[in-house]
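First the structure, in the form of structure tokens, and then the observations on it.
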Amino acid sequence: MIKNIIFLAPPASGKGTQAKLLKDKYNMCHISTGDLLREACSRDDEFGENLKRIMQSGNLVDDSIVLELLKKKVMENLDSGFILDGFPRNVNQALALDELLKEINKKIDYVLYLNVPKNVLQKRITGRRLCKICGKIYNIYQDNISLCTCGGELYQRSDDNLESFENRYQEYIEKTQPLIDYYNKNGNLISIDGDNEVEQIFDQITSILNN
Ligand code: AMP
């Protein structure tokens, strides 16, 4: 099954968790622009420092930087279906993605919109922990665990605090939410209740993809 999907969702909605599950089940290519940018941040120069500052504040990074990283990753994985996690984040990025898809003769099969209320997101963001080795995502309010199942240590993302969250959420409302309209008109947008158990949401997504 080669399908290409976009996760359209607010910060801490669970899109990363669902994307990882899909990647493992269907052997798809998981493209998280947040992960690509965090990798780029580790550069020990002015570029890396600037990027770190922007991400820490919760603002969106320049389209041109994100697009370059995204294109590279897509071109390296042309043979598999992809899951876009955190991209596009605004209408300009959606237009650039349309152009890229035309160039490589691909299309988006589903845009999955995970709907989660703000108060739930706030709680999730402060409890979120990630594995240093495999990147698996946990939540201290749900998972009674101090190490990952792979043995890796858990850490908290530096932008997973309430101050950054508020900014990330505002960016989402102003710039990303208009994409719901965009994909309602131009794509196959499916709304999913993201305020549910991980397994329940995953079942819903797999039944959509298997259709
Ligand atoms: P995420 O891992 O998706 O929560 O993204 C973390 C941060 O990376 C965001 O708050 C932005 O600063 C930046 N970022 C990720 N994806 C994008 C994107 N498509 N456009 C602009 N900035 C992005």
Side-chain angles (χ1 to χ4, degrees), residues 4-23 29-43 47-74 82-101 108 111-114 116 118 120-132 134-139 154-180 182-183 187 194:
N4 303 313
I5 64 173
I6 293 175
F7 272 113
L8 185 57
S13 55
K15 58 185 162 42
T17 301
Q18 295 296 331
K20 281 190 177 64
L21 291 171
L22 282 178
K23 175 194 163 160
C29 173
H30 174 199
I31 305 182
S32 154
T33 43
D35 284 349
L36 294 174
L37 287 163
R38 275 181 287 278
E39 222 175 280
C41 265
S42 58
R43 267 172 56 173
F47 175 82
E49 284 306 314
N50 270 336
L51 212 50
K52 232 182 270 172
R53 228 185 346 262
I54 296 168
M55 291 173 75
Q56 178 70 41
S57 73
N59 289 337
L60 291 187
V61 172
D62 233 41
D63 288 347
S64 59
I65 296 174
V66 181
L67 275 167
E68 195 183 318
L69 293 169
L70 175 98
K71 276 186 188 166
K72 184 165 179 281
K73 188 81 181 176
V74 168
F82 55 76
I83 309 156
L84 296 184
D85 160 10
F87 184 94
R89 279 291 226 276
N90 59 35
V91 173
N92 187 39
Q93 292 182 7
L95 292 169
L97 176 64
D98 287 347
E99 280 295 305
L100 175 64
L101 291 170
I108 298 295
V111 179
L112 303 177
Y113 166 51
L114 289 184
V116 186
K118 187 179 178 190
V120 176
L121 298 171
Q122 273 168 324
K123 178 139 197 227
R124 283 196 192 160
I125 213 122
T126 53
R128 179 158 68 179
R129 300 290 184 275
L130 290 90
C131 172
K132 275 188 182 167
C134 70
K136 189 164 176 194
I137 302 166
Y138 294 93
N139 196 296
L154 304 183
Y155 74 99
Q156 185 172 28
R157 262 170 57 173
S158 60
D159 59 346
D160 276 355
N161 56 68
L162 287 180
E163 199 188 337
S164 283
F165 170 75
E166 203 46 53
N167 216 6
R168 286 158 73 190
Y169 192 74
Q170 279 319 312
E171 288 279 80
Y172 168 75
I173 296 291
E174 281 167 33
K175 297 173 182 164
T176 311
Q177 208 160 253
L179 290 177
I180 295 174
Y182 182 85
Y183 284 116

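Every number for a ligand or one of its atoms is a count from 1 in the order of the listing.
Using a 4.0 Å cut-off between heavy atoms, Val61 contacts ligand 1 through both its backbone and its side chain. Under 4.0 angstrom from ligand 1, the non-hydrogen atoms of Leu37 all belong to its side chain. Counting heavy atoms under 4.0 Å from ligand 1, residue Lys15 touches it through the side chain alone.
Counting only heavy atoms from C-beta outward, the side chains of Phe47 and Cys41 never approach each other to under 4.5 Å. Residues Arg124 and Val120 meet the side-chain proximity criterion, which asks for heavy atoms closer than 4.5 Å. Two residues are said to be in side-chain contact when any heavy atoms from C-beta on lie closer than 4.5 Å; Ile5 and Val111 fail this criterion.
Ligand 1 has a nitrogen or oxygen under 3.5 angstrom from a nitrogen or oxygen of Gly86. Any N or O atom pair closer than 3.5 Å counts here, and Gln93 shares at least one such pair with ligand 1. Residue Asp35 places no N or O, backbone or side chain, under 3.5 Å from any N or O of ligand 1. Annotation: Arg157 places an N or O atom under 3.5 Å from an N or O atom of ligand 1; distance criterion only. Residue Arg89 has at least one nitrogen or oxygen atom sitting less than 3.5 Å from a nitrogen or oxygen atom of ligand 1, judged on distance alone.
Residues passing the ring-ring contact (aromatic ring centres under 6.0 Å, His included) test with Tyr138, sequence neighbours excluded: none. Scored by the side chain to side chain contact (heavy atoms under 4.5 Å, CB included) test, Lys132 finds Glu153, Tyr155 as partners (sequence neighbours excluded).
Test Lys15, Lys20, Lys23, Lys73 against Asp85 for salt bridge (Lys or Arg N to Asp or Glu O under 4.0 Å) and you get one pass: Lys15. Shown are Val74, Ile108, Asn4; of these, the side-chain contact (heavy atoms from CB on, under 4.5 Å) with Leu101 is made only by Ile108.
Thr33 OG1, 2.9 Å is the protein heavy atom nearest to atom 16 (N) of ligand 1. Atom 8 (O) of ligand 1 has its closest protein heavy atom at Met55 CE, 3.3 Å.
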- prompt: For Gln93 and Asp63, what are the C-alpha separation, side-chain angles and deciding distance, and is it a side chain to side chain donor-acceptor pair (under 3.5 Å)?
  reply: CA-CA 7 Å; Gln93 292 182 7; Asp63 288 347; 2.9 Å; yes
query: Between Asp98 and Tyr182, is a side chain to side chain donor-acceptor pair (under 3.5 Å) present by the stated rule, with each step listed?
result: CA-CA 12 Å; Asp98 287 347; Tyr182 182 85; 2.3 Å; yes
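In Lys72, the NZ atom is not crowded: 12 or fewer heavy atoms of neighbouring residues, nucleotides or ligands sit closer than 6.0 Å.
Heavy-atom proximity to Asn59, at under 4.0 Å, picks out these atoms of ligand 1: 11 (C), 12 (O). Which parts of ligand 1 touch Gly34 is read off a 4.0 Å heavy-atom cut-off, strictly below it: atoms 2 (O), 5 (O), 15 (C), 16 (N). Contact atoms of ligand 1 toward Phe87: 19 (N) (distance under 4.0 Å to a heavy atom of the residue). Taking every heavy atom of Arg168 and a limit of under 4.0 angstrom, the matching atoms of ligand 1 come to 4 (O), 10 (O).
Contact between Arg38 and ligand 1 is present, with at least one heavy atom of the residue lying under 4.0 Å from the ligand.
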